[in-house]
Number of protein chains: 2
Amino acid sequence: MTALGIREVSEHTGLSIDTLRWYEREGLIPLVERTSTGQRRYPPAAVRFIALVQALRRTGMPVAEVRHFVQLGGGRLENHPVRLALLEAQRESIERQVDQLHEDLAVLTGKMAEYRRLIDAGLDCEDEVAAPEGGTGRHLRSTA
Amino acid sequence: MTALGIREVSEHTGLSIDTLRWYEREGLIPLVERTSTGQRRYPPAAVRFIALVQALRRTGMPVAEVRHFVQLGGGRLENHPVRLALLEAQRESIERQVDQLHEDLAVLTGKMAEYRRLIDAGLDCEDEVAAPEGGTGRHLRSTA
DNA sequence: GGTTGCGCTGGAGTGGACTCCAGCGCGGAG
DNA sequence: CTCCGCGCTGGAGTCCACTCCAGCGCAACC
């Protein structure tokens with residue numbers, strides 16, 4: 001009844017229609033039904049599942065691993081601990097990614113501060129004065 | 001004097017030797033010098049630059065865009081504002097990524113809580129009881 | 001003074017994740 | 001009835017970022 005067509009799901013999730021079909025072929029999206037004429041229908045459970053798949057993909061889980069997760073059967077009890085463990089592993093991966101992002105952010109902000117300082121002082125860069133085809137070392141000693 | 005060989009840089013940065021060479025060909029790594037026999041030497045400035053390139057790549061900047069950044073000349077003053085702007089854009093991108101990661105994390109922890117609840121209750125999944133080739137709906141009504 | 005090992009180059013190959021297409025069927029609008 | 005738009009399928013194509021050679025040179029170690 002509340003099941004959606006592929007276009008609606010595409011708009012709702014931001015995944016392209018082709019990607020939705022491809023994911024399904026690849027075994028990442030179960031629970032998709034068909035009309036009598038063969039068109040896809042996505043019941044709410046499928047739509048919810050897609051949100052999970054998107055979270056896994058966006059956080060860097062490869063398609064093959066998502067498939068593995070999905071193949072852990074139709075929500076049967078004995079597989080829950082396994083799925084839980086996979087999600088836990090991914091959760092840890094996400095936390096590492098956040099840490100890494102913060103480190104990289106620090107690198108960028110550091111570099112940005114350097115550029116601002118140089119702009120203020122009216123200097124070229126300390127590093128990389130790599131033969132700009134005109135004349136070298138026109139920059140002065142740093143003020144600090 | 002303190003310049004490093006490619007192997008050392010590879011070990012120091014975690015980038016493979018092939019990747020270092022490829023990055024250089026692609027114009028992502030300037031400042032690399034050569035010995036009289038043609039071997040690469042990485043002075044400290046090059047090594048520092050590589051760290052920046054890594055931060056950009058890891059945070060999702062495409063190789064082409066890093067190249068663009070690098071091509072903004074050998075640290076000459078007039079390019080500093082442009083580089084600064086590019087870094088600022090990337091900084092914002094990183095912040096969006098962190099936000100997205102947190103959203104995805106919430107999806108995962110929510111799903112994990114659900115599995116834990118089901119395990120405790122000894123139930124199959126509410127969703128996705130997709131024809132596990134034996135018999136449907138052996139799960140009971142939820143206790144909550 | 002050979003052979004082992006690292007480095008170099010240019011180019012080909014790979015893996016992952018889509019993305020596009022031809023060719024067909026269905027169902028509603030005119 | 002005919003045409004348009006959407007959806008379907010299987011398969012081919014694309015893009016990106018590496019990764020892997022083959023074939024060569026230098027240098028050092030035994």
Side-chain angles (χ1 to χ4, degrees), chain A residues 3-43 46-47 50-71 90 93 97 100 104, chain B residues 3-43 46-47 50-71 90 93 97 100 104:
Chain A
L4 304 178
I6 196 166
R7 176 160 304 269
E8 292 162 302
V9 175
S10 168
E11 278 156 12
H12 176 52
T13 60
L15 295 173
S16 79
I17 290 178
D18 268 323
T19 298
L20 283 169
R21 288 199 277 243
W22 184 73
Y23 274 11
E24 191 182 334
R25 270 191 241 175
E26 292 294 310
L28 308 205
I29 309 181
L31 308 171
V32 182
E33 293 166 7
R34 301 295 180 117
T35 66
S36 57
T37 63
Q39 297 189 202
R40 272 165 258 255
R41 283 328 350 251
Y42 295 81
V47 175
I50 290 171
L52 176 59
V53 168
Q54 284 188 285
L56 294 175
R57 285 291 303 120
R58 272 196 303 253
T59 58
M61 183 181 285
V63 165
E65 208 176 323
V66 178
R67 176 171 35 236
H68 176 212
F69 176 83
V70 173
Q71 281 172 349
Q90 190 64 8
S93 159
Q97 290 177 55
Q100 180 70 71
D104 293 334
Chain B
L4 304 178
I6 196 166
R7 176 161 303 271
E8 292 163 303
V9 175
S10 169
E11 277 156 13
H12 176 50
T13 60
L15 295 173
S16 80
I17 290 178
D18 268 323
T19 298
L20 284 168
R21 287 198 278 242
W22 184 73
Y23 274 10
E24 191 182 336
R25 270 191 243 176
E26 291 294 310
L28 308 206
I29 309 181
L31 308 172
V32 182
E33 294 165 6
R34 300 296 180 116
T35 66
S36 57
T37 62
Q39 298 190 201
R40 271 165 258 253
R41 240 67 256 288
Y42 295 81
V47 174
I50 290 171
L52 176 59
V53 168
Q54 283 188 287
L56 294 175
R57 285 289 305 118
R58 270 195 303 252
T59 59
M61 183 181 285
V63 165
E65 207 176 323
V66 178
R67 175 171 37 237
H68 176 213
F69 177 84
V70 174
Q71 281 172 347
Q90 189 64 8
S93 159
Q97 289 177 55
Q100 179 71 71
D104 292 334

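Throughout, protein chains are lettered first and strands after them, A, B, ... in sequence-line order, and every chain is numbered starting at 1. Being a predicted model, the structure only gives us computed values, none of them experimental.
Here the CD-CZ distance, from B:Gln97 to B:Arg58, works out to 12.0 Å after rounding to the nearest 0.5 Å. The CD atom of A:Glu33 sits 13.0 Å away from the CZ atom of A:Arg40 when rounded to the nearest 0.5 Å. Atom CG of A:Leu20 and atom OG1 of A:Thr13 lie 5.0 Å apart (nearest 0.5 Å). Within the model, atoms CG of A:Leu52 and CZ of A:Arg57 stand 12.5 Å from one another, a figure rounded to the nearest 0.5 Å. The CD atom of A:Gln71 sits 9.5 Å away from atom CG of A:Leu28, with the distance rounded to the nearest 0.5 Å. One distance of note links CZ of B:Arg21 with OG of B:Ser10; it measures 10.0 Å at 0.5 Å rounding.
Summarising the geometry of B:Ile17 relative to B:Arg7, their closest heavy-atom pair is CD1-NH2, 3.7 Å, with the distance given to 0.1 Å. Contact detail for A:Thr19 and A:Leu15: the closest heavy-atom pair is CG2-CD2, 4.2 Å.
Taking atom CG of B:Leu28 as the reference point, atom C1' of D:dC16 lies 13 Å away to the nearest angstrom. As rounded to whole Å, 12 Å separates atom P of D:dG7 from atom CG of A:Leu4. Protein atom CD of A:Glu33 is 17 Å distant from nucleotide atom C1' of D:dC8, rounded to whole Å.
Of the side-chain N and O atoms in B:Arg40, none sit less than 4.0 angstrom from OP1 or OP2 of C:dG7.
Helix-axis bend for the helix from C:dG1-D:dC30 to C:dG30-D:dC1: the local axis fitted to the five terminal pairs at one end deviates from that at the other end by 10°, rounded to 10°.
There is a side-chain donor-acceptor pair under 3.5 Å between A:Gln90 and A:Thr59.
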Before you tell me yes or no, could you show the steps for B:Ile50 and B:Tyr42 under side chain to side chain contact (heavy atoms under 4.5 Å, CB included), namely the whole-Å CA-CA distance, both residues' side-chain angles and the distance that decides it to 0.1 Å?
CA-CA 10 Å; B:Ile50 290 171; B:Tyr42 295 81; 4.0 Å; yes
In sequence, state the C-alpha distance, the side-chain angles, and the governing distance for A:Trp22 and A:Val63, and then conclude on side chain to side chain contact (heavy atoms under 4.5 Å, CB included).
CA-CA 11 Å; A:Trp22 184 73; A:Val63 165; 4.2 Å; yes
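Near DNA chain C, defined here as any heavy-atom distance below 4.0 Å, there are no residues from residues 5-13 of chain A. Residues from residues 16-27 of chain A lying near DNA chain C, meaning a heavy-atom separation below 4.0 Å, are A:Ser16, A:Asp18, A:Thr19, A:Trp22, A:Tyr23 in numerical order.
Set against D:dG7, C:dG7, D:dC18, the side chain of B:Val63 has D:dC18 as its closest nucleotide.
Of the two residues near DNA chain C, A:Ala64 and A:Ser36, the one whose nearest nucleotide lies more 5' is A:Ala64. Each of B:Gln39 and B:Met61 was matched to the nucleotide of DNA chain D holding its nearest heavy atom; the match closer to the 5' end belongs to B:Met61.
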